Amino acid sequence: MSKHLSTSSLFYIVLSILLLPMTRSAYTQSTDKPILFVSIAPQKYFIEQIAKDTFNVQVMIPKGHNPAHYEPSIKQMQHLSKSTYYFRIGMPFESVWIDRLARQNPQLQVIDIPKGIHLLPLESHSKHNHSIHTTLDPHIWTDPLLVIAISKNILQHLTLLLPQHKAFFQQNFQSFKQRLLDLDQYLGTQLQPLKDTSFLVFHPSWGYFAKRYQLQQVAIELQGKSPTPRYLANIIQYATYHHIRVIFVQPQFNQSIAKNIARTIPAHIITIDPLAENYIDNMYTVADALLHALKK
Ligand SMILES: [Zn+2]
């Protein structure tokens, strides 16, 4: 058949083949995909495991920014005006402006991701520092089994939004769930020899992780805030007594206090990131860092 093709029709066939990938990539970048907002990068990853590239997922906290203090940019405000859902996860900054965002964007539905998850108090080392109001720990995603609960919640809302993709979402959720179960099993087995071991962190991001795998998180920050000198003295005493040789920090926080303590104890500083986007890979990396640093 091809021998009957004229040069000009052949030209158009070649042209359409060449243009096809461009058209497709233009489509993937198009803004007519429904926009979803999340607070932190791991949430984007969870959504994309379930929905692949069905949605345009916008992360509120840019890479490297401290999630404690953040204001949406003008560009983010523009995206929010076209967004269907905001999946809140319980970060402190959300409570500062999420009601205002919802008022300004009547189409925006705020979805509570921790719904149905029992929140723990934010750990602090000293038992003498019980404040009248207990701060709840928002870092639920550091426990892979809680990520299954989070993802179920996401699945339910994505299905409400695009019911025609129900089977696709469901199937992807099942395979993501299996990867989380595999991760949990790996962490459980690998960290078993470290049972009840204390690890010192700057910001207490790993409370749910520690609880799941029977480790003790000790935080330099007090209830997620700068420590008092007296509390710091306690921490240094504690670290010396327990032969703690490593302080874990995360890249979004100022490290000067951790570095000063590290010099005093003395200890190494190791960075582990609870906000990395590729959640599964990152959790394997975190486990290996803990194992390497804490093994006796
Ligand atoms: Zn935090």
Side-chain angles (χ1 to χ4, degrees), residues 37-46 59-72 76 86-98 110-115 117-126 129 131 133-147 149-150 153 198-213 215-228 231-232 235 246-259 261 269-279 282-283 285-287 289-290:
F37 255 87
V38 296
S39 288
I40 53 166
Q43 287 177 283
K44 176 179 158 81
Y45 181 84
F46 304 154
V59 181
M60 187 54 88
I61 304 301
K63 197 171 160 41
H65 278 248
N66 184 326
H69 326 277
Y70 186 74
E71 288 276 330
Q76 287 177 319
Y86 189 111
F87 288 100
R88 73 181 292 176
I89 194 147
M91 304 299 274
F93 69 86
E94 293 167 352
S95 58
V96 178
W97 39 253
I98 211 142
V110 179
I111 311 291
D112 225 11
I113 277 300
K115 201 173 175 225
I117 293 174
H118 177 72
L119 297 178
L120 302 172
L122 198 58
E123 294 297 330
S124 63
H125 164 60
S126 172
N129 275 296
S131 51
H133 95 229
T134 314
T135 313
L136 291 175
D137 185 348
H139 310 92
I140 46 177
W141 68 94
T142 60
D143 174 352
L145 296 189
L146 291 183
V147 174
I150 292 170
N153 207 339
S198 300
F199 64 106
L200 184 58
V201 297
F202 180 70
H203 179 69
S205 295
W206 301 94
Y208 295 87
F209 176 89
K211 180 166 189 266
R212 175 68 63 197
Y213 302 108
L215 304 169
Q216 303 292 330
Q217 172 185 251
V218 178
I220 293 171
E221 277 190 336
L222 184 58
Q223 294 272 309
K225 292 180 192 77
S226 275
T228 59
Y231 181 75
L232 269 189
I235 288 285
V246 175
I247 301 175
F248 293 97
V249 297
Q250 67 184 80
Q252 299 82 9
F253 285 79
N254 184 307
Q255 284 159 25
S256 57
I257 296 176
K259 279 183 181 154
I261 297 177
I269 299 261
I270 292 180
T271 302
I272 51 175
D273 188 2
L275 296 172
E277 182 171 325
N278 189 328
Y279 177 78
N282 182 56
M283 292 301 281
T285 306
V286 167
L290 286 168

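Numbers here simply count residues along the sequence, with the first being 1. The basis for the numbers below is simple: all heavy atoms, side chains too, and nothing from hydrogens, waters or symmetry mates. Fair warning: this is a prediction, and the values are worked out from it, not measured in the lab. Note that ligands are numbered from 1 as they come in the structure, with each ligand's atoms numbered from 1 the same way.
Contact record, Asp137 with Tyr208: O-OH, 2.6 Å, taken as the closest heavy-atom pair.
Distance alone, capped at 3.5 Å, is enough to place a donor-acceptor pair between the Gln76 side chain and the Met60 backbone.
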*Steps toward side chain to side chain contact (heavy atoms under 4.5 Å, CB included) verdict (His139, Phe209)*: CA-CA 9 Å; His139 310 92; Phe209 176 89; over 6 Å; no
Assess the residue pair Lys259 and Ile269 against the criterion (side chain to side chain contact (heavy atoms under 4.5 Å, CB included)); give the C-alpha distance rounded to whole Å, side-chain angles, the decisive distance to 0.1 Å, and a yes or no. CA-CA 7 Å; Lys259 279 183 181 154; Ile269 299 261; 4.2 Å; yes
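Note on residues 246-255: no pairs pass salt bridge (Lys or Arg N to Asp or Glu O under 4.0 Å), not counting sequence neighbours.
Using a 30° and 60° split on the angle between ring planes, Tyr70 and His65 fall in the perpendicular class, above 60°.
The set of protein atoms (N, O or S) found at less than 2.8 Å from the Zn ion (ligand 1) reads His139 NE2, His203 NE2, by chain and number.
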